[in-house]
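Read through the structure below, which is laid out as C-alpha cells, and then see the notes.
The analysis underlying the following values was restricted to heavy atoms, covering all of them including side chains, and did not include hydrogens, waters or symmetry mates. Note that the numbering runs from 1 along the sequence shown for the chain.
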Amino acid sequence: MTRFFIDLRVTDAEELFAAALRHATTVESMTQQQAEELLKPAGEIDEAACLVMLLDPGVSPSGTEIDESGVES
C-alpha cells in the first residue's frame with residue numbers, strides 16, 4: 001500500500017485566505033458571506049478552515065480511499 005503525506009507551512013495567511021475564498025465561491029458555489037463566515041469567523045482568518053477548503057477534496061479520487069485528513073497548528 002502506498003501512503004501520501006504533505007507537510008505544509010502557511011507563509012502568508014492573507015494569500016491563503018484569498019485562495020480559499022476564491023475556491024469556496026467558484027468551485028464550491030458558496031456565497032461570499034457563507035465563505036467568509038466559514039474561513040474568517042469573527043474577522044480572524046481560520047488557517048485550518050482555509051487549508052481544508054483547498055486541500056481536502058471531500059471525495060476520494062478514483063482508485064484511492066482517504067483514511068483521514070486534518071490540520072494541526
Side-chain angles (χ1 to χ4, degrees):
M1 176 195 312
T2 301
R3 298 190 66 83
F4 173 76
F5 296 89
I6 297 174
D7 187 9
L8 182 140
R9 181 177 345 126
V10 175
T11 58
D12 188 322
E14 290 291 336
E15 284 189 32
L16 174 65
F17 170 72
L21 185 64
R22 230 178 358 264
H23 181 86
T25 57
T26 57
V27 176
E28 301 296 330
S29 301
M30 297 175 79
T31 67
Q32 180 90 11
Q33 181 178 352
Q34 290 170 324
E36 287 183 2
E37 288 174 359
L38 175 67
L39 304 171
K40 200 174 188 181
E44 296 291 323
I45 294 172
D46 183 338
E47 293 178 359
C50 291
L51 290 169
V52 169
M53 176 62 65
L54 292 169
L55 300 174
D56 187 343
V59 176
S60 300
S62 296
T64 69
E65 182 177 313
I66 297 173
D67 291 327
E68 70 178 270
S69 68
V71 179
E72 296 177 1
S73 54

Query - Contacts of S60 that satisfy side-chain contact (heavy atoms from CB on, under 4.5 Å) - sequence neighbours left out - result: T64, I66
Report summary line: Apart from V59 itself, members of its ILVMFWY cluster (side-chain separation under 4.5 Å) are none
**Report entry** salt bridge (charged side-chain N to carboxylate O under 4.0 Å, His left out) partners of residues 49-73, not counting sequence neighbours, each pair once
**Finding:** R3-D67
Under 4.5 Å between side-chain heavy atoms, hopping through other hydrophobics if needed: is there a path connecting [X] to [Y]?
X: L55; Y: V71; result: yes
X: L54; Y: F5; result: no
X: V52; Y: L8; result: yes

Distance-only criterion, 3.5 Å: show the donor-acceptor pairs between side-chain atoms of residues 32-44 and protein atoms not counting sequence neighbours.
{"from": "Q32", "atom 1": "NE2", "to": "E36", "atom 2": "OE2", "distance (Å)": "2.9"}
{"from": "Q33", "atom 1": "NE2", "to": "E37", "atom 2": "OE2", "distance (Å)": "3.0"}
{"from": "Q34", "atom 1": "OE1", "to": "T31", "atom 2": "N", "distance (Å)": "2.8"}
{"from": "Q34", "atom 1": "OE1", "to": "T31", "atom 2": "OG1", "distance (Å)": "3.3"}

Requested in this report: Start with the C-alpha distance between I45 and C50, add both sets of side-chain angles, then the distance that settles side chain to side chain contact (heavy atoms under 4.5 Å, CB included), and finish with yes or no.
Outcome: CA-CA 8 Å; I45 294 172; C50 291; 4.1 Å; yes
Anything under 3.5 Å between a donor and an acceptor, one on a side chain of residues 10-21, the other on a protein residue two or more places apart or in another chain? List them.
{"from": "D12", "atom 1": "OD1", "to": "E14", "atom 2": "N", "distance (Å)": "3.1"}
{"from": "D12", "atom 1": "OD1", "to": "E15", "atom 2": "N", "distance (Å)": "3.0"}

